[in-house]
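Whatever order the structure lists ligands and atoms in, that order sets their numbers, starting from 1. Keep in mind it's a predicted model, so treat the numbers as computed, not measured.
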Amino acid sequence: MLRLYDSRLSGNSWKVRILLSQLGLPYERITLDLVKHETQDPAFRKLSRFARVPVLQLDNGQTIVESGAILLYLAQGTPYLPDDPFVRAQVTSWLFFEQADLQKPIAIPRVWHLRGLTSGREQEIQRFHAEGYAALEMLEGWLDGRTWLVEERYTVADTAVFAYVSLASEGGYEMDRFPSIGEWIARVKGQTGWVELIPQAG
Ligand SMILES: N[C@@H](CCC(=O)N[C@@H](CS)C(=O)NCC(=O)O)C(=O)O
């Protein structure tokens with residue numbers, strides 16, 4: 001059975017859990033505690049060359065690291081990643097954009113907010129916000145008048161970009177500024193098989 005190493009609040013791991021659910025693939029979930037630095041455990045480091053989650057372990061024991069690589073691996077041959085090479089390149093370009101421009105400026109202030117570590121970091125947060133807002137403006141412009149990121153169909157580009165963008169308010173971003181992003185987030189959440197980051201109790 002597939003095995004996913006994740007952590008409770010990891011948006012990068014969440015992307016993979018959404019796709020696994022949408023594909024109906026059973027998997028074993030192993031949730032690491034990042035506050036306890038469990039990613040530094042020598043046994044885990046053998047699985048993850050970058051000492052980070054998510055890690056997908058295949059039936060034969062091989063592992064895939066990096067959320068984008070895991071999404072592309074799992075989605076091949078499914079409607080979530082079209083076969084046409086040009087369309088695949090469009091999907092891949094969104095995965096790169098998310099990692100280069102969106103993920104870090106959203107994820108780092110979010111972790112500081114969630115762990116109560118913002119005091120003394122105001123200037124750094126401002127710098128991350130400037131970078132993040134610039135990327136969010138580009139995303140907003142692209143989504144204005146469009147339903148999905150690529151070819152007007154839902155793909156792993158949407159899954160990948162959705163995760164941290166939907167969590168940005170937890171990092172102090174004012175998301176009311178981005179109405180098209182807000183509508184697109186609601187559409188992603190409405191996709192069959194979509195799962196919450198943390199399942200509601202009861
Ligand atoms: N580019 C990587 C980023 C992975 C990443 O930053 N993972 C974080 C959690 S979201 C992590 O494991 N950090 C290590 C730690 O905090 O110990 C991906 O997309 O998978």
| Would you say Ser7 has any N or O atom under 3.5 Å from an N or O of ligand 1, going by distance alone? | no
| With a 4.0 Å cut-off on heavy atoms, is Pro54 touching ligand 1? | yes
| task | Identify, for atom 2 (C) of ligand 1, the protein heavy atom at the shortest distance, and state residue, atom and that distance. | result | Glu66 OE1, 3.2 Å
| query | Is the shortest side-chain N to carboxylate O distance from Arg52 to Glu66 below 4.0 Å? | reply | yes
| query | At what distance is the nearest protein heavy atom to atom 3 (C) of ligand 1, and which residue and atom is it? | reply | Asn12 ND2, 3.5 Å
| Between His37 and ligand 1, which part of the residue brings a heavy atom under 4.0 Å of the ligand: side chain, backbone, both or neither? | neither
| said: Starting from atom 13 (N) of ligand 1, what is the nearest protein heavy atom, named by residue and atom, and what distance separates them? | reply: Arg52 CG, 4.0 Å
| said: Side chains of Thr147 and Tyr154 only: does a donor on one sit below 3.5 Å from an acceptor on the other? | reply: no
| task | Would you kindly say whether Asp158 and Trp184 are connected by a side-chain donor-acceptor distance under 3.5 Å? | result | yes
| query | What protein heavy atom sits nearest atom 19 (O) of ligand 1, and how far off is it? | reply | Ser67 OG, 2.6 Å
| field | Contact summary for Asn12 and Gln103, nearest pair of heavy atoms | value | ND2-NE2, 3.1 Å
| message | Under 6.0 Å from the ring centre and within 45 degrees of the ring axis: does the NZ or CZ of Arg177 meet both conditions for the six-membered ring of Tyr133? | response | yes
| query | So, Lys15 and Thr159: side-chain donor and acceptor under 3.5 Å apart, yes or no? | reply | no
| said: Gln103 versus ligand 1: do any nitrogen or oxygen atoms come within less than 3.5 Å of each other? | reply: no
| query | Tell me: protein heavy atom nearest atom 16 (O) of ligand 1, and distance? | reply | Leu34 CD1, 3.7 Å
| Looking at Trp112, is Arg121 sitting on its ring face, NZ or CZ under 6.0 Å from the six-membered ring centre and within 45 degrees of the normal? | yes
| message | I want to check something: taking the side chain as every heavy atom from C-beta on, are Arg146 and Ser180 in contact at a cut-off of under 4.5 Å? | response | no
| said: List ligand 1 atoms under 4.0 Å from Tyr164, heavy atoms only on the residue side. | reply: 10 (S)
| Counting both backbone and side chain atoms, is some N or O of Lys15 under 3.5 Å from an N or O of ligand 1? | no
| Residue part near ligand 1, for Val53, under 4.0 Å between non-hydrogen atoms | both
| message | Tell me the protein heavy atom at minimum distance from atom 10 (S) of ligand 1, and give that distance in Å. | response | Ser10 OG, 3.2 Å
| query | If you count the non-hydrogen atoms of other residues, nucleotides and ligands that lie under 6.0 Å from CD in Glu152, is the total more than 12? | reply | yes
| query | For Thr39 and ligand 1, does the shortest N/O to N/O distance drop below 3.5 Å? | reply | yes
